[in-house]
There are 2 protein chains.
Amino acid sequence: MENTIDLAESITAAKCSENLSSVEDAIYVIGGKWKLKIIIVLQESGNIRFNELQRNIRGISARVLSNELKDLELNGFVKRVVHAEQTPVVVEYISTDYSRTLRNVIIALSDWGKMHKRNIRTEAFLSQ
Amino acid sequence: MENTIDLAESITAAKCSENLSSVEDAIYVIGGKWKLKIIIVLQESGNIRFNELQRNIRGISARVLSNELKDLELNGFVKRVVHAEQTPVVVEYISTDYSRTLRNVIIALSDWGKMHKRNIRTEAFLSQ
DNA sequence: CAGGATCCAAGATGATACTG
DNA sequence: CAGTATCATCTTGGATCCTG
């Protein structure tokens with residue numbers, strides 16, 4: 001009986017850590033308060049400049065946005081395009097093909113967020 | 001022409017903020033380094049005690065785990081069950097039905113994480 | 001075992017000013 | 001416009017000790 005329990009536990013642990021480590025990897029790269037939001041705005045606006053990007057993401061400071069963009073560029077989600085022919089220099093950010101692999105993640109999160117918001121409202125109504 | 005551009009931009013902005021705000025809501029509730037991991041372990045182990053939970057989530061401290069669990073309980077993802085009949089008191093945590101609504105989110109993140117890991121390895125290989 | 005209390009170090013962030 | 005630099009602040013997190 002002891003053995004059965006131990007075996008069951010270690011199988012659970014194995015399944016666990018498999019799923020867990022993949023999600024862990026994902027969170028490591030696209031987790032945090034801003035990354036996904038930036039990626040979404042970038043995907044939906046095609047190409048966009050720094051200040052407009054900042055205006056579209058409520059609450060982000062220039063410094064944080066700048067750092068996040070560098071990070072996203074390193075990981076291949078964003079391309080930074082400099083139009084040197086103009087003065088002052090125009091810089092545009094565009095999303096990459098790779099960022100589009102996040103489609104399902106974004107849809108799942110968006111759907112869940114919508115559902116949850118409705119749910120919260122209902123709860124608030126019920127508790128009155 | 002100016003008008004066309006303005007219209008296009010505001011439509012983009014509207015779509016943007018819709019998707020964005022839903023994802024924002026989701027991230028607000030289940031974002032952060034630990035929440036989803038805890039939920040996954042909880043779902044896959046049925047019921048589990050504090051210290052075992054801590055052992056299953058590499059790197060989390062007791063204090064942080066404790067805080068996260070309170071948060072998750074408030075939001076309806078976790079149920080805390082106290083078996084007062086035993087001494088010392090046994091406390092078990094179990095996932096709720098509501099936490100199962102995160103299924104698609106977890107699958108999407110897990111799939112993407114797997115894909116990304118493979119991708120990273122390939123890149124590392126290519127750049128040698 | 002299941003956590004709470006406390007202290008401290010480190011990182012994240014906001015505000016502001018500045019530059020090419 | 002597209003950021004960078006600096007400082008003050010606030011939050012987080014780890015480590016440790018403690019208790020019912």
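By convention in this document, chain letters (A, B, ...) are assigned in the order of the sequence lines, proteins followed by strands, and residues within each chain are numbered from 1. No experiment lies behind these values; they were computed from the predicted model shown.
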>> Run the salt bridge (charged side-chain N to carboxylate O under 4.0 Å, His left out) test on A:Lys37 and B:Glu24 for me, step by step, so that the C-alpha distance in whole Å, both residues' side-chain angles and the decisive distance to 0.1 Å come before the verdict.
In response: CA-CA 7 Å; A:Lys37 296 188 204 175; B:Glu24 205 160 1; 3.1 Å; yes
>> Categorize B:Gly32 for me: base, sugar-phosphate, or nothing, with a 4.0 angstrom heavy-atom threshold over every strand shown.
In response: nothing
> Atom CD of B:Gln54 and atom P of D:dG13: how far apart are they, to the nearest Å?
Replying inline: 14 Å
> Do B:Tyr98 and A:His116 have ring centres separated by under 6.0 Å?
Replying inline: yes
> Atom CG of A:Asn51 to atom P of D:dG3: distance rounded to whole Å?
Replying inline: 9 Å
> Is there a donor-acceptor pair closer than 3.5 Å between any side-chain N or O of A:Glu92 and the backbone N or O of A:Val82?
Replying inline: no
>> Distance check needed: C:dG14 C1' versus A:Arg58 CZ, whole Å only.
In response: 17 Å
>> If I take atom CG in residue A:Asp71 and atom P in nucleotide C:dG11, what distance separates them, rounded to the nearest angstrom?
In response: 15 Å
>> Does D:dT4 have its OP1 or OP2 closer than 4.0 Å to a side-chain nitrogen or oxygen of A:Lys70?
In response: yes
>> Side chains of B:Glu44 and B:Ser95, heavy atoms from C-beta outward: is any pair under 4.5 Å?
In response: no
> Taking the side chain of A:Val64 as heavy atoms from C-beta outward, which of C:dC1, D:dA2, C:dG14 is closest to it?
Replying inline: C:dG14
> According to a strict under-4.0 Å criterion, is A:Tyr93 in side-chain N/O contact with OP1 or OP2 of D:dC1?
Replying inline: no
> Rounded to whole angstrom units, what separation is found between the CD atom of B:Glu52 and the P atom of C:dC1?
Replying inline: 10 Å
>> How many whole angstroms separate atom CD1 of B:Ile48 from atom C1' of C:dG3?
In response: 16 Å
> With side chains defined as the heavy atoms from C-beta onward, is the minimum distance between A:Phe77 and A:Asp71 less than 4.5 Å?
Replying inline: no
> Over how many whole Å does the gap from B:Lys33 atom NZ to D:dG14 atom C1' extend?
Replying inline: 11 Å
> Taking the nucleotide of DNA chain C with the closest heavy atom to each, which residue, A:Val89 or A:Ile60, is nearer the 5' end?
Replying inline: A:Ile60
>> Between B:Arg63 and D:dA15, is there a contact of a side-chain N or O with OP1 or OP2 at under 4.0 Å?
In response: no
>> Taking 4.0 Å as the cut-off, does a side-chain nitrogen or oxygen of B:Ser66 come that near to OP1 or OP2 on C:dG4?
In response: yes
> Can a side chain N or O of A:Arg80 be found less than 4.0 Å away from OP1 or OP2 on D:dG3?
Replying inline: yes
>> Counting only side-chain nitrogens and oxygens, does B:Ser61 get under 4.0 Å of the OP1 or OP2 atom of D:dG13?
In response: no
> Which whole-number value in Å describes the distance from A:Asn67 CG to D:dT4 C1'?
Replying inline: 10 Å
